[in-house]
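Since the structure comes first, as structure tokens, the remarks are kept for the end.
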Amino acid sequence: MRVGMGYDVHRLVPGRDLILGGVKIFWEMGLLGHSDADVLVHAVMDALLGAAALGDIGQHFPDTDPAYEGISSISLLERVGELLRKHGWRVENLDAIIVAQKPKMAPHIPKMRENIARSLGIGVDQVSVKATTEEKLGFTGTLEGISSHAVCLLEKL
């Protein structure tokens, strides 16, 4: 068994969709990035790739490649799942947290869990997504950005 850890952060800006866990959340700002800037899925992918010692998302999906401009991070997560299976890994569980002052995440978390589980071909009961604020402190508390942390456990088949 192997443990992986991932982290990602993106700046909040007006005029962009806010996508987290593959869910479009209607809000006044979105995350800036080359892809859809889904910090939750990016943290999950880095945790999975790290646990399998397969590099990171920048290595597999570089932001300098126009093929990934605006791409859905959920579709990239599907590719990570395929890569894990190709190398003989099975996801035992994922645990992730979104750090954002606003908007409220609770109504969207069940769909985020479903999207992540479906993309990896695992059960929803193997995916935990939580959210917290930083009590108006730091860059997430002042609405400059949103971050996410993720950990996972992989098992060799």
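As the structure is a computational prediction, the values presented were derived from the model and not from experiment.
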Arg2 side chain to Ala51 backbone, donor-acceptor under 3.5 Å
yes
Determine, using the 4.5 Å side-chain heavy-atom cutoff (strictly less than), whether Ile116 and Leu153 are members of one ILVMFWY cluster.
no
Check the hydrophobic clustering (I, L, V, M, F, W, Y; side-chain heavy atoms under 4.5 Å; chains of links allowed) and say if Leu76 and Leu94 are grouped together.
yes
Please check this pair: side chain of Asp38 against backbone of Gly22, looking for a donor-acceptor N/O pair closer than 3.5 Å.
yes
Backbone N or O of Leu32 within a donor-acceptor pair of the His10 side chain at under 3.5 Å?
yes
I need the minimum non-hydrogen distance between Val39 and Ser148, along with the two atoms involved.
O-CB, 3.5 Å
Any donor-acceptor pair under 3.5 Å linking the side chain of Arg113 with the backbone of Val124?
yes
Side-chain (Asp36) to main-chain (Ser73) donor-acceptor, under 3.5 angstrom
yes
Is it true that the side chains of Thr140 and Gln101 contain a donor and an acceptor less than 3.5 Å apart?
no
Smallest separation among heavy atoms of Asp46 and Gly6, with atom names
CB-CA, 4.1 Å
For Lys104, I'd like to know if atom NZ has over 12 heavy atoms of other residues, nucleotides or ligands within 6.0 Å.
no
With sequence neighbours excluded, residues passing side chain to side chain donor-acceptor pair (under 3.5 Å) with Glu92:
Arg90
Is the terminal nitrogen or CZ of Lys102 (NZ for Lys, CZ for Arg) located under 6.0 angstrom from the six-membered ring centre of Trp27 and within 45° of that ring's axis?
no
Looking at every non-hydrogen atom in both residues, tell me the closest pair between Gly21 and Asn115 and how far apart they are.
O-ND2, 2.9 Å
Answer yes or no: is there a donor N or O on one side and an acceptor on the other, between the side chain of Glu69 and the main chain of Pro66, under 3.5 Å?
no
For Leu120, does its backbone N or O pair with a side-chain atom of Arg85 as donor and acceptor, under 3.5 Å?
yes
Check the orientation of Tyr7 and His149. Use parallel for under 30°, tilted for 30 to 60°, and perpendicular for over 60°.
tilted
Using modelled atom types and a 3.5 Å cut-off, is there a donor and acceptor pairing between side-chain atoms of Asp95 and backbone atoms of Cys152?
no
Residues, nucleotides or ligands: over 12 heavy atoms within 6.0 Å of Lys136 NZ:
no
For residues Asp63 and His34, is any side-chain donor paired with an opposing acceptor at under 3.5 Å?
no
Closer than 3.5 angstrom, by distance alone: can the side chain of Glu155 be matched with the main-chain N or O of Trp89 as a donor-acceptor pair?
no
